Amino acid sequence: MAKKTKKIAVYPGSFDPPTDGHLNIIERGAKLFDEVVVAIAVNSSKKPLLTIQERLDTLKVLLKKHRNVRLDFFENKLLVHYAREKKATAILRGLRTVQDYEYEFQMALANKQLAPEIETVFMMTDSGLSHLSSSLVKEILSLGGSGKNLVPPLVEKIVHQKFKK
Ligand code: PNS
């Protein structure tokens with residue numbers, strides 16, 4: 001019998017910081033794919049709040065319970081090239097609101113043109129999480145708001161520490 005190929009998806013993003021919305025997509029994606037590679041994209045034109053190491057350290061703890069989720073980062077390369085290196089056949093993205101749609105559609109089309117063999121798979125964010133974004137979280141936490149139902153306590157702690165500095 002032919003050997004079954006592993007279905008690998010890359011879940012790329014800035015994760016600055018990782019939110020409950022990201023974790024929701026990862027958790028559900030891990031049930032659909034044999035392996036999900038959570039890939040932090042290093043964007044040198046953005047000034048992130050958390051360093052790559054901080055994002056890796058935090059996500060490592062948060063994703064520990066998932067046996068089929070790997071954690072990685074990439075820089076100075078196209079997402080589709082990275083996905084090919086990982087032998088992924090899918091790019092996983094979460095969709096929250098209609099505002100996301102245009103940007104995501106454009107990216108998915110460009111990625112498809114660059115690598116037709118890789119499919120972008122969209123997952124609707126669970127209700128109750130659709131308003132969540134890393135920018136919103138940063139604004140709330142920077143002004144002393146609570147991270148409850150926005151980010152895991154570990155992320156809230158790190159982000160609060162950052163803003164105290
Ligand atoms: O969490 P984000 O910031 O919405 O993620 C955007 C990301 C990282 C998926 C996108 O910027 C990306 O794919 N960057 C890698 C460089 C690349 O391939 N750019 C062309 C995309 S069509």
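Note that the structure is predicted; figures quoted are calculated from it, not measured. Both counts, for ligands and for their atoms, begin at 1 and track the order of listing.
Between the side chain of Ser134 and the backbone N or O of Pro17 there is at least one donor-acceptor pair closer than 3.5 Å. The closest donor-acceptor contact from the side chain of Glu54 to the backbone of Thr51 lies under 3.5 Å. Between the side chain of Arg55 and the backbone N or O of Ser14, at least one donor-acceptor pair lies under 3.5 Å. At distances below 3.5 Å, not a single donor-acceptor pair connects side-chain atoms of Asn111 with backbone N or O atoms of Val80.
Among all non-hydrogen protein atoms, the one lying nearest atom 15 (C) of ligand 1 is Phe74 CE1, 3.9 Å. If you check which protein heavy atom lies closest to atom 21 (C) of ligand 1, you get Asn111 OD1, 3.9 Å.
The contact set between ligand 1 and Ala41, taken as ligand atoms under 4.0 Å from a residue heavy atom, comprises 8 (C). Below 4.0 Å from some heavy atom of Met107 lie the following atoms of ligand 1, by number and element: 10 (C), 22 (S). Taking every heavy atom of Gly13 and a limit of under 4.0 angstrom, the matching atoms of ligand 1 come to 1 (O), 5 (O).
Polar contact with ligand 1: absent for Lys77 (N/O pair, distance under 3.5 Å). Here's the thing with Leu79: one of its N/O atoms is less than 3.5 angstrom from an N/O atom of ligand 1. Residue contacts with ligand 1: Ser14 is placed with a nitrogen or oxygen under 3.5 Å of a nitrogen or oxygen of the ligand (distance criterion only).
Under a 4.0 angstrom heavy-atom cut-off, Tyr103 registers as being in contact with ligand 1. Under the 4.0 angstrom criterion for non-hydrogen atoms, Arg93 is in contact with ligand 1.
Within the 4.5 Å cutoff, the side chain of Glu75 has no heavy atoms near those of the Ser44 side chain.
Here Asp16 does not pair with Lys46 in a salt bridge; the nearest charged N to carboxylate O distance is not below 4.0 Å. Using a cutoff of 4.0 Å between basic side-chain nitrogens and carboxylate oxygens, Lys77 and Glu85 are scored as salt-bridged. A salt bridge links Arg28 to Asp126: one of the charged nitrogens lies within less than 4.0 Å of a carboxylate oxygen. Look at Glu156 and Lys148 and you find no salt bridge, because none of the NZ, NE, NH1 or NH2 atoms lies under 4.0 Å from a carboxylate O.
Put simply, atom 8 (C) of ligand 1 has protein non-hydrogen atoms near it, under 4.0 Å away.
Which of Asn76, Val80, Asp100, Leu78 comes nearest to atom 20 (C) of ligand 1 through a heavy atom is settled by distance: it is Leu78.
Only the side chain of Lys46 comes within contact range of ligand 1, with a heavy atom under 4.0 Å; no backbone atom does.
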